[in-house]
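Computed from a predicted structure; not experimentally measured. In what follows, every chain begins at residue 1, and chains take the letters A, B, ... in the order their sequences are listed.
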Amino acid sequence: MVSVAEMSEITSPTVVNQTAPMPNPANPKVERGMIEIEQLDFAYGTNKVLHDINLSIPARAVTAFIGPSGCGKTTLLRCLNRMNDLIDSARITQGSIRIEGVDINASSVDVVDLRRRVGMVFQKSNPFPKSIYDNVAYGLRIAGTTKRTLIDEAVEKSLRSAALWDEVKDRLHVSGYGLSGGQQQRLCIARALAVEPEIVLMDEPCSALDPIATAKVEELIRQLKEQYTIVIVTHNMQQAGRCSDHTAFFYLGRLIEFDDTTKIFSNPGQRQTEEYITGRFG
Amino acid sequence: MTATASNSRRVHLVQGILFWIFRLATYFVLACATYIFLDIGIKGSRTVFTSTPPFINVPFLTEPPQTLYVFDYEGKKMALSDRQFRQWKVEHPGTEVEASSIAYSAGGIWPCIVGTALLVIGSMILALGIGISSAIYLSEYSRNGPLIRLVRIAILNLAGVPSIVFGLFGFGLFVIFFGWNVSLIAGWFTLGLMVLPAIITASEESLRAVPQGLREGSLALGASKWQTIRKNVLPYAMPGILTSSILGIARVAGETAPIMFTAAYAMKDELPWQVTRMTDFFFQGVMALPYHIYVVSSKIPQNEYTERVQYGSAFVFLFLVMLIALTSIILRERSRSRLSW
Amino acid sequence: MEGVADPRTLIPERTKSRRAQVVIEQAIKAFFGGNALVAVIVLALITIFLFREGFGFFGQNLANLRLYRQAGLEYVDIIRGNAAQHESLSRKLSEIRLREVRVMEKRNVPLEEINAALAPFDQFASAFSDTAENLHGLVSDLTDQASALKEQLFARAELLAQRNQLERSGAQTEAEKIVVPEVDRAAALARLREGSARFESVSAEITAKLYNLLAQAPAMPDPAGQKHFEQWKTRARKYLAGLPAASEKLRTWSPDTPIPWYRSISSFLFGRDWVTASFWQDWYGIIPLLVGSVLVSIVALVIAVPLGVASAIYVSEIASRHEKRLIKPYIEFISAIPSVVLGFFGIAVVGQAVRAASQSHFFKWVSFFPISERLNIFTAGCLLALMAVPTIFTLSEDALRNVPRGFKEASYALGANRLQTIARVLVPASLSGIVSAILLGLGRVIGETMVVLLCAGNRIAIPDFTQGLGAIFQPVHTMTGIIAQEMGEVVRGSTHYRALFMVGLVLFTITLAINYLAQKFVARYRMSIG
């Protein structure tokens with residue numbers, strides 16, 4: 001366990017002033033952006049939806065969660081930045097989630113800090129009813145950044161990272177609602193990147209997009225893994241195959257198999273995984 | 001086929017007739033309302049407007065009500081206000097006239113306008129402050145337990161309770177139990193509490209209409225709860241809250257029953273700010289336009305001398321309340337077309 | 001991707017202020033929560049206060065009813081009731097005369113001839129009215145006695161209460177200074193009950209005189225009049241037959257029969273008299289007010305429901321886009337007309353118009369026209385209808401508009417025309433929504449104060465239903481009206497004050513029930529449109 005003081009050190013610029021894997025002073029094995037889930041049980045009221053999940057998500061790689069609807073993959077994703085706190089009666093009944101060695105559900109962890117470090121892109125693109133510029137700048141502004149030049153810089157950087165810059169650079173101050181579906185989703189990604197998280201969670205980011213827009217977002221995901229740990233929930237097997245390094249297969253609230261994507265898709269270890277991937281159910 | 005053709009013609013005829021009945025019913029309602037507006041508008045504008053510049057009857061709007069004296073003098077019917085009558089007596093020493101007096105029928109309605117404005121401002125500050133805060137709490141912070149559900153149902157139901165019941169309560173609690181007497185502050189609390197349920201319900205509805213995705217998106221960027229509410233929920237709920245608040249103003253301004261025995265005086269010579277001590281300001285009764293209309297339409301006879309003040313007051317009051325209502329309707333139509341998720 | 005090389009430089013270091021920020025967040029939440037709590041507590045207080053002030057009524061009313069019996073007022077009222085019956089018979093006679101005069105006037109009989117023809121009848125009527133002379137004398141004597149006794153008892157009870165209070169607060173010496181006079185209730189009542197014997201002699205006298213009169217009753221000049229007169233005679237005989245029963249009642253009456261506690265409640269809920277500030281006995285029966293409120297609401301709804309629903313159907317299904325854009329805001333605009341302005345309009349215009357219409361030739365065939373009161377149930381109902389229409393219209397229109405497009409399209413696809421689609425698909429699908437709209441309209445109407453206060457006539461009486469529909473052209477008083485009219489003048493804590501709170505409580509309960517029902521229907525509507 002890492003204490004609060006150490007936790008804040010991790011987030012402070014003096015320590016994280018490097019891109020290379022950052023050794024944690026307390027635990028040298030902890031890498032920046034890695035997630036460890038241990039014996040996690042999760043329930044909505046009395047309805048248990050996750051059973052005994054053990055999973056170690058490697059840093060700086062794309063991990064895909066696949067599985068049939070209602071298998072708990074989105075719930076698990078939302079546990080990773082404690083979005084489930086917003087749902088009444090939803091709670092972790094057992095086990096822990098550690099990000100860079102820190103239990104994120106510990107009472108000493110500030111959920112606002114956590115979410116700043118673990119960004120999220122939602123299934124339904126949800127740009128704010130503000131201009132494109134204000135959408136991207138939102139995270140910075142609420143974090144207290146006021147300097148105009150810094151924000152300008154960050155907005156451009158994030159939009160470039162999200163491969164949206166060229167399309168919107170002339171109309172930064174029109175409403176984000178005027179963009180197409182794919183552009184809106186990339187705007188949401190840019191917005192998430194602007195606060196420079198270590199981890200980006202994506203909840204079926206392409207489910208509402210057409211194939212061309214999907215291809216663009218997938219390309220983007222492949223690029224982003226250089227910088228970020230990415231966890232993506234998807235229904236689309238080909239998508240998981242195309243852009244993820246590791247794949248976790250869930251079924252009925254349990255983790256059935258977790259391995260390299262190539263292994264899962266070519267030679268799955270479990271019968272259920274194989275049946276799902278070959279389309280026999282799900 | 002001919003049978004079918006004639007049948008379809010008959011169906012068509014029935015449909016046409018029924019549609020015309022519906023149309024007539026609709027326009028009948030509109031006509032009734034228009035008649036009221038025109039009747040009060042035309043007869044009222046005889047009092048409120050004049051044919052000579054400045055075209056507005058300034059004394060009517062700026063003077064307190066006075067008693068009207070009607071009497072015959074040298075074959076002429078004289079109708080003089082209280083002050084004029086006294087002056088006339090001085091000018092005509094020794095003449096004895098049999099004057100009949102009609103209360104409230106001379107002078108203007110200035111104190112009533114002032115009183116109504118004060119009542120509306122105070123009670124709306126109270127109701128909006130508590131109401132919007134409560135709505136934010138209920139919609140954004142509270143967990144949806146059985147207790148909160150109960151509170152919500154209770155508030156929803158209280159919104160339908162008649163205003164006179166609130167008046168009764170205000171009289172019992174503020175006027176008598178707290179010993180505030182008939183006063184501005186008792187009126188504020190009574191009116192404020194009366195619109196409180198409606199404001200909470202409407203504001204909460206506007207807040208809930210803001211999509212959940214905006215809240216999640218903001219929180220996922222590391223915004224705190226309050227930052228999310230302030231920057232990403234309230235601005236989009238504001239048009240709705242504003243509309244309901246303005247409707248609340250129209251309701252507070254238009255109600256008579258709750259202030260009849262909590263805040264309104266039928267007649268008061270001083271204006272509200274003509275008090276000796278600061279605290280007296282809050283603990284004084286005021287004249288109010290709706291109560292004035294009630295008094296002049298039920299306590300004095302209907303004749304050519306009273307019509308002036310009756311229609312004049314009704315016109316001014318109707319005009320003010322309808323102006324507020326119109327603002328809220330226009331505002332809502334505009335925000336409806338602008339924001340849609 | 002070189003750009004993101006230096007993470008976290010953009011976000012200032014804020015670890016220290018974070019804690020302060022958390023505290024601020026907590027404070028903000030507490031502020032909102034506190035406000036919500038204040039709102040809930042205050043609104044709960046309203047309810048509790050209403051109940052507290054209202055329920056005190058029952059105890060006081062029971063004392064009021066007990067005093068009524070103990071002081072012998074009830075005894076006197078038996079005789080008074082008898083006298084009232086006699087009077088009503090007298091009144092009936094003058095009604096018969098009036099009818100007769102009208103019939104003859106229509107036949108263009110000159111006035112002198114009418115009077116001459118009716119002279120024997122007039123003689124009979126005045127003789128009849130004279131028979132009760134002694135009865136009225138008796139009533140007035142006994143009234144004075146009973147009132148005096150009641151006052152003594154009341155004053156004594158007051159002093160006793162005062163002394164008790166002083167004793168309880170420890171002021172023993174001062175308490176002893178208060179002299180509570182003894183009231184010789186038994187003697188007073190005994191004196192009062194001598195009235196039984198007097199009543200018997202009076203009733204014997206009336207019986208004798210009346211039989212005599214009836215035997216030589218004159219014939220009426222007109223057969224219809226004769227019929228009415230015969231009816232009157234049967235009533236008069238019935239009255240005579242009832243006299244011994246009244247004597248019996250007087251004999252068996254006892255001032256010490258206990259009054260059960262529930263009488264206090266039943267006399268409120270089922271009492272047919274609302275008499276306050278009377279020298280004799282106050283009655284707090286809600287029935288006349290309730291009947292008034294209900295009748296006014298029925299009239300308003302009978303007018304408003306067809307208009308409101310029809311215009312909702314018109315606007316949502318038939319009207320063109322431009323009409324819609326104009327009509328909808330206009331009707332909503334109507335709902336903002338202040339009720340006091342409507343009430344004023346009712347006094348100034350509608351009341352006159354209704355009376356003028358009733359006097360016109362066009363309505364000559366209506367039996368209960370012309371009406372005498374311009375302010376009556378109908379006048380108030382018409383104006384309230386105008387208040388209910390916007391509520392019914394807006395909510396019904398919502399309900400119709402929110403029926404899914406698919407329902408309508410499916411109907412058209414089957415070859416139904418617009419009318420069939422409206423009648424068989426749209427209205428059934430939104431029926432519960434419309435019912436809830438009507439209920440909310442009813443809630444608005446029944447709780448409305450100013451219009452009924454100004455336009456319903458304010459006569460505390462149950463309308464005479466024997467006139468059939470004519471009953472709705474009679475003045476009434478309503479629950480809301482009585483509160484508005486009498487609240488300003490009552491003494492705090494008096495039975496009257498509490499009775500008004502009880503009326504408020506009944507009103508509160510009725511509107512809550514209506515609201516609750518309306519919400520049930522809304523829920524059902526949501527289910528029906530899926």
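The distance from atom OG1 of B:Thr228 to atom CD1 of A:Ile142, rounded to the nearest 0.5 Å, is 6.5 Å. Expressed to the nearest 0.5 Å, how far CG of A:Asp113 lies from OG of B:Ser224 amounts to 11.5 Å.
The two residues B:Gln227 and A:Tyr138 make their nearest non-hydrogen contact at O-OH, 3.9 Å. Nearest heavy-atom pair, B:Leu214 versus A:Asn126, reported as atom, atom and distance to 0.1 Å: CD2-O, 4.2 Å. Of all heavy-atom pairs between B:Arg143 and A:Ile87, the closest is NH1-O, 4.3 Å.
Counting non-hydrogen atoms of other residues, nucleotides and ligands closer than 6.0 Å to NZ of A:Lys48 gives a total above 12. Remark: B:Lys231 NZ is packed, more than 12 non-hydrogen atoms of other residues, nucleotides or ligands lying under 6.0 Å away. Surrounding OH of A:Tyr44 are more than 12 heavy atoms belonging to other residues, nucleotides or ligands, all under 6.0 Å away. Around atom CZ of B:Phe19, more than 12 heavy atoms belonging to other residues, nucleotides or ligands sit under 6.0 Å away.
Heavy atoms closer than 4.5 Å to chain B are found nowhere in A:Val121, neither backbone nor side chain. No part of A:Ser125 comes within reach of chain B, as not one of its non-hydrogen atoms sits under 4.5 angstrom from that chain. Neither the backbone nor the side chain of A:Asp134 comes within less than 4.5 Å of any heavy atom in chain B. Contacts between A:Phe122 and chain B at a heavy-atom distance below 4.5 Å involve the side chain alone, from C-beta outward.
Interface check for chain A: of the options B:Ala223, B:Gly213, B:Ala220, B:Gly145, the most heavy-atom pairs under 4.5 Å are formed by B:Ala220. Each of A:Met120, A:Arg82, A:Met83 has some count of heavy-atom pairs under 4.5 Å with chain B, and the biggest count is that of A:Met83.
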Next on the checklist: Assess the residue pair A:Arg115 and B:Leu221 against the criterion (side chain to side chain contact (heavy atoms under 4.5 Å, CB included)); give the C-alpha distance rounded to whole Å, side-chain angles, the decisive distance to 0.1 Å, and a yes or no.
Outcome noted: CA-CA 6 Å; A:Arg115 289 185 187 141; B:Leu221 289 172; over 6 Å; no

Next on the checklist: For A:Lys130 and B:Asn232: C-alpha separation, side-chain torsions, deciding distance, then whether side chain to side chain contact (heavy atoms under 4.5 Å, CB included) applies.
Outcome noted: CA-CA 9 Å; A:Lys130 303 174 191 287; B:Asn232 231 355; 3.8 Å; yes

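Looking at B:Glu216 and A:Arg78, a side-chain N of the basic residue comes within less than 4.0 Å of a carboxylate O on the acidic one, giving a salt bridge.
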